[in-house]
Amino acid sequence: MSEHAGTTLPSGRRAVKAVIPAAGLATRFLPATKAVPKELLPVVDRPVLQYIVEEAAAAGITDVLLITGRGKTSMVDHFDRQPYLEARLEEKGDRDRLAAVRKPSELADIYTCRQHEPLGLGHAVGCGEAHVGDDAFAVLLGDEFVDLAEPLLPPMLELQARTGGIVLSFMEVAPEETKRYGIASVAEPEAEVADIGEVVRVTGLVEKPSQEEAPSNLAVLGRYILPGTIFDAIKRTKPGSGGEIQLTDAMALLLEEGTPVHGIVYRGTRYDTGMPLGYLQAVVQIASQREDVGPAFREWLATFVETSPVVKTT
């Protein structure tokens, strides 16, 4: 039994709002993202951002704030109605495509806030204070999502409602991969939250440590449930590397001041579209699983892999 088995944790109201920071320049995808937001790059026939909003909606969150930047108004347009297009599809009797076009506007109430300068993830989250207020809320990064059949947000929301603190999500990585992620030092959770899932109590966070310096192999994923007190912490957080205000630093400040921090270890399927390789992998994985295109695509893919020449490097 945990040494904290007798601890009484604070509790709060379950988070019902989400913030999606989506103001980045996406330089890894240039020139494609010169005019098209990275968040709207398609994974088969739905943009990345729609998968993320669907993930939030499936967890009961239907109030979503997009933190946008210059040239990204098309993200909002995607979640708006298209009466002319809908009318044409209805005239043609194309019910399936009509439902697909209408679905984004039915997922959630979409709000926007402009981040005028790219001053870091902490600064982007801080832009949502006026909309979120003092309540707990979810943060979903705009370049990754999980399989809805293996949900991550519901246990995170439940854990935050019981603890009233910060809830993170983790995945296990190979020891040599710790230098690419924020890594947590962890301990056994309190007994009253151990039933939620694979829960850990977070005692510290280290940004991109070497294999030798890493306190564990638990890497932070792009899902957070944060208390409203994070906004004050962000205001008190000084710019770090590159002159940016880091969310990790603000969370570390609250941890030092006594805010409980917990994490859920996620072992489901995560799609990381933040880099070209991960994006291509997500497209192939999801296309392969689709009932409509999957069988033919898998057959073609197997033939292509078997017969295509190996690319030689010099």
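- Side-chain polar atoms of Glu54 and Gln50 form a donor-acceptor pair below 3.5 angstrom.
- No continuous path of hydrophobic side-chain contacts links Ile61 to Leu148 [ILVMFWY only; heavy atoms under 4.5 Å].
- For residues 108-120, the set of pairs meeting the side-chain hydrogen bond (donor to acceptor under 3.5 Å, both in side chains) definition, not counting sequence neighbours, comprises Gln115-His123.
- Taken from CZ in Phe29 to CE in Met275, the straight-line distance is 8.5 Å, to the nearest 0.5 Å.
- For the salt bridge (Lys or Arg N to Asp or Glu O under 4.0 Å) criterion with Asp45, the lone passing option out of Lys103, Arg290, Arg97 is Arg290.
- Leu221 places a side-chain heavy atom less than 4.5 Å from the side chain of Glu144.
- Listed by chain and number, the residues in a side chain to side chain donor-acceptor pair (under 3.5 Å) with Asp147 amount to none (sequence neighbours excluded).
- Of the possible polar contacts, one joining the Ser288 side chain to the Val284 backbone as a donor-acceptor pair under 3.5 Å is found.
- In the hydrophobic clustering of ILVMFWY residues, with side-chain heavy atoms under 4.5 Å counting as a link, Leu107 and Leu153 come out together.
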task = Give the intermediate values and the outcome of side-chain contact (heavy atoms from CB on, under 4.5 Å) for residues Ile166 and Thr259.
result = CA-CA 7 Å; Ile166 295 170; Thr259 297; 4.2 Å; yes

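- Side-chain N or O atoms of Tyr279 include one that pairs as donor or acceptor with a backbone N or O of Pro42 at under 3.5 Å.
- Side chain of Tyr266 to backbone of Val146: no donor-acceptor contact under 3.5 angstrom is found.
- Using a cut-off of 4.0 Å between Lys/Arg side-chain N and Asp/Glu carboxylate O, Arg102 and Glu86 are scored as salt-bridged.
- Contact record, Val53 with Ala108: CG1-CB, 4.2 Å, taken as the closest heavy-atom pair.
- Under the 4.5 Å side-chain criterion, counting only non-hydrogen atoms from C-beta, Val48 is not in contact with Lys38.
- A donor atom on one side chain and an acceptor atom on the other are not found under 3.5 Å apart for Gln160 and His262.
- A salt bridge links Arg267 with Glu172: the distance from a Lys NZ or Arg NE/NH1/NH2 to an Asp or Glu carboxylate oxygen falls below 4.0 Å.
- Residue Pro37 comes nearest to Gly71 through the heavy atom pair CG-O, 4.3 Å, listed as atom of the first residue, atom of the second, then distance.
- For the side-chain hydrogen bond (donor to acceptor under 3.5 Å, both in side chains) condition, the pairs that include at least one residue of residues 129-140, sequence neighbours left out, are Arg13-Asp135, Asp63-His131, Glu129-Lys235.
- A salt bridge is defined here as a Lys NZ or Arg NE, NH1 or NH2 lying under 4.0 Å from an Asp or Glu carboxylate O, and Lys92 with Asp94 fails to meet this definition.
- Going from atom OG of Ser169 over to atom CG of Leu140 covers 9.0 Å, rounded to the nearest 0.5 Å.
- Annotation: side-chain hydrogen bond (donor to acceptor under 3.5 Å, both in side chains) contacts involving residues 216-233, sequence neighbours excluded, comprise Glu55-Arg223, Asp232-Arg236.
- In plain terms, the two heavy atoms of Pro155 and Ile196 that are nearest each other are O-CG2, 3.6 Å.
- Using a 4.5 Å cut-off between side-chain heavy atoms of Ile, Leu, Val, Met, Phe, Trp and Tyr, with links allowed through other members, Val139 and Leu253 fall into different hydrophobic clusters.
- Under a 3.5 Å cut-off, the side chain of Thr178 and the backbone N or O of Ala174 do not form any donor-acceptor pair.
- A salt bridge between Glu177 and Arg180 is present, with a side-chain N of the basic residue lying under 4.0 Å from a carboxylate O of the acidic one.
- In this structure, the separation between CG on Leu41 and OG1 on Thr273 is 8.0 Å, given to the nearest 0.5 Å.
- Hydrophobic clustering (ILVMFWY, side-chain heavy atoms < 4.5 Å, transitive): Leu25 and Leu119 are in distinct clusters.
- Screening Val19, Val16, Ile225 for a side chain to side chain contact (heavy atoms under 4.5 Å, CB included) involving Phe137 leaves a single residue, Val19.
- Remark: Ser105 OG to Asp77 CG distance equals 12.5 Å, nearest 0.5 Å.
- For Thr33 (side chain) and Ala26 (main-chain N/O), a donor-acceptor pair under 3.5 Å exists by modelled atom type.
- Leu89 belongs to a hydrophobic cluster with Leu85, Leu98, Val101, counting contacts under 4.5 Å between side-chain heavy atoms of Ile, Leu, Val, Met, Phe, Trp and Tyr, direct or through other members.
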task = Could you walk me through whether Val43 and Tyr271 pass side-chain contact (heavy atoms from CB on, under 4.5 Å), step by step?
result = CA-CA 10 Å; Val43 177; Tyr271 302 100; over 6 Å; no

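- Residues Leu277 and Tyr181 are members of separate hydrophobic clusters, defined by side-chain heavy-atom contacts under 4.5 angstrom among Ile, Leu, Val, Met, Phe, Trp and Tyr.
- Taking CD of Gln246 as the start and OG1 of Thr237 as the end, the distance is 9.5 Å to the nearest 0.5 Å.
- With contacts defined as side-chain heavy-atom distances shorter than 4.5 Å, the pair Val265/Leu218 qualifies.
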request  = Verify side-chain contact (heavy atoms from CB on, under 4.5 Å) between Glu150 and Arg270, making sure each step is shown before the conclusion.
outcome  = CA-CA 9 Å; Glu150 304 166 299; Arg270 165 184 173 260; over 6 Å; no

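- Partners of Lys72 under the salt bridge (charged side-chain N to carboxylate O under 4.0 Å, His left out) rule, at least two apart in sequence or in another chain, are Glu39.
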